[in-house]
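Working notes, structure below.
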Amino acid sequence: MTRDIFASRAYGEFRKTTIFGSLDGLRALSILAVIWHHAGTQNTSLRLFNRGFLGVDLFFVISGFLIVTLLLREQSCTGEMSLKKFYIRRTLRIFPLYYGVLLFLAFIYATVGRHSLFGQRFLSELPYYLTYTANFVPLVGFRIVWSLATEEQFYLLWPSIEKYLAKHVVPVLMGLIALNQCVNLGRNTISELIGSDAWTQWNISEITFTPILLGVGAAHLLHSERGYGLLGHVAGNRRASVLCLLILLGLGTVFPVDISGLPRLVLQLCMTALLVSCVYREDHALRPLLRFSPFQHIGKISYGMYLLHMPLLALAAYLLHTDAAQGSMRLYGAEVLITIVAAELSFRFLESPILGLKRKFSATHTSDIEQRSITGATGAVTL
């Protein structure tokens, strides 16, 4: 009886929580890992250091959790989910910087850079960038936008599922995860059936939607009092966050070079467990690290850092008189510094003024929780 009372009180506190204080720290770790993947030293003997790309998977888990938590709490507070307001808020948060960067790069490559091979590839692939379909084709140019396309497709489709298929969310969720895993695990079989393996070069052939959907599942479990109570058997311990992080790092070290299929799914499940352990209770053991002020600020501007870091990689390499394709600690350090400066300027002078408009389209008591999604953080979550 005492345990049930404690669990009920903890659930009540979770539902009242307006700031998920550690998520900016997790997002900082994610973006630093992604930049390491592009600018750091690769092919080291320690496999963990060759897997910075998994930072995108953690971004996806966080995004799925926060966007659906926003929708569920809006439903609880107002009795409805306003898709119109949701899409207006997403548009104001994502599009200005995204299309601003694309148009700037298009101008550069159509003028002073028109003879460069990269510029030609960028311009030929521009229609896919502009329409958020870059994850359906094999890209050569601005490749990182495949992840933003994946996220945008999630924004486009999933809120309608939450609103109109609320009673069937769990089977839909499980079915989509199973389908995504079957596609990935059956790559060779599918190639044999269609007589070509060219499709495996498409980003959509990789596990991309699964981590977002795992975040969605975490949101539903935590929103439910019963689910919250079940997760408490693991996440209720203060040291659970440390244990989840250590398991994640350990598996990232010992798993084989090719982690496609089941190994990657296991890593994504560990990421989901890490997120749950960090939001279940605010006083978890990783709090001092994840609430470290520099990490908090990097997480705050991580959308700009993600979008800008690849165009700035060439600048960092130029300043260091090195080859951008040959990663190093020097290149990584310079890239992180330059990207932070650029993202900070973008956040202050472009993103922040536009973010003020979002409040006009926010539901009562749910004004800014979505700003912590993968492409939309501005700092603390305020319901």
With sequence neighbours left out, the residues meeting side chain to side chain donor-acceptor pair (under 3.5 Å) with W158 are E162

Checklist entry - Using the ring of each side chain (for Trp, its six-membered ring), is Y132 parallel, tilted or perpendicular to F95, with breaks at 30° and 60°? => result parallel

L103 vs F107 side-chain heavy atoms within contact, under 4.5 Å: no

Scanning both residues in full, the closest heavy-atom pair of E335 with T339 reads O-OG1, 2.6 Å

Original post:
Is there a side-chain contact between H38 and I144 (heavy atoms, below 4.5 Å)?
Top reply: yes

Sorted by chain and number, sequence neighbours left out, side chain to side chain donor-acceptor pair (under 3.5 Å) with D323 holds for none

- Query: Does F14 have R73 sitting over its ring (NZ/CZ under 6.0 Å from centre, angle to axis within 45°)?
  - Reply: yes

Closest non-hydrogen atoms of T41 and S328, given as atom of the first, atom of the second and distance, are OG1-CA, 3.5 Å

Nearest heavy-atom contact between Y332 and G40 is CB-CA, 4.1 Å

Using only atom types and a distance under 3.5 Å, with no angle test, would you say the side chain of E282 pairs donor to acceptor with the backbone of G21?
yes

Here the pair of heavy atoms bringing T133 nearest to Q153 is CA-NE2, 4.2 Å

Next on the checklist: Below 30° counts as parallel, above 60° as perpendicular, anything between as tilted: where do the rings of Y280 and Y228 land?
Outcome noted: parallel

Margin query: Within the structure provided, determine whether Y303 and S346 are in side-chain contact (heavy-atom separation under 4.5 Å).
Written below: no

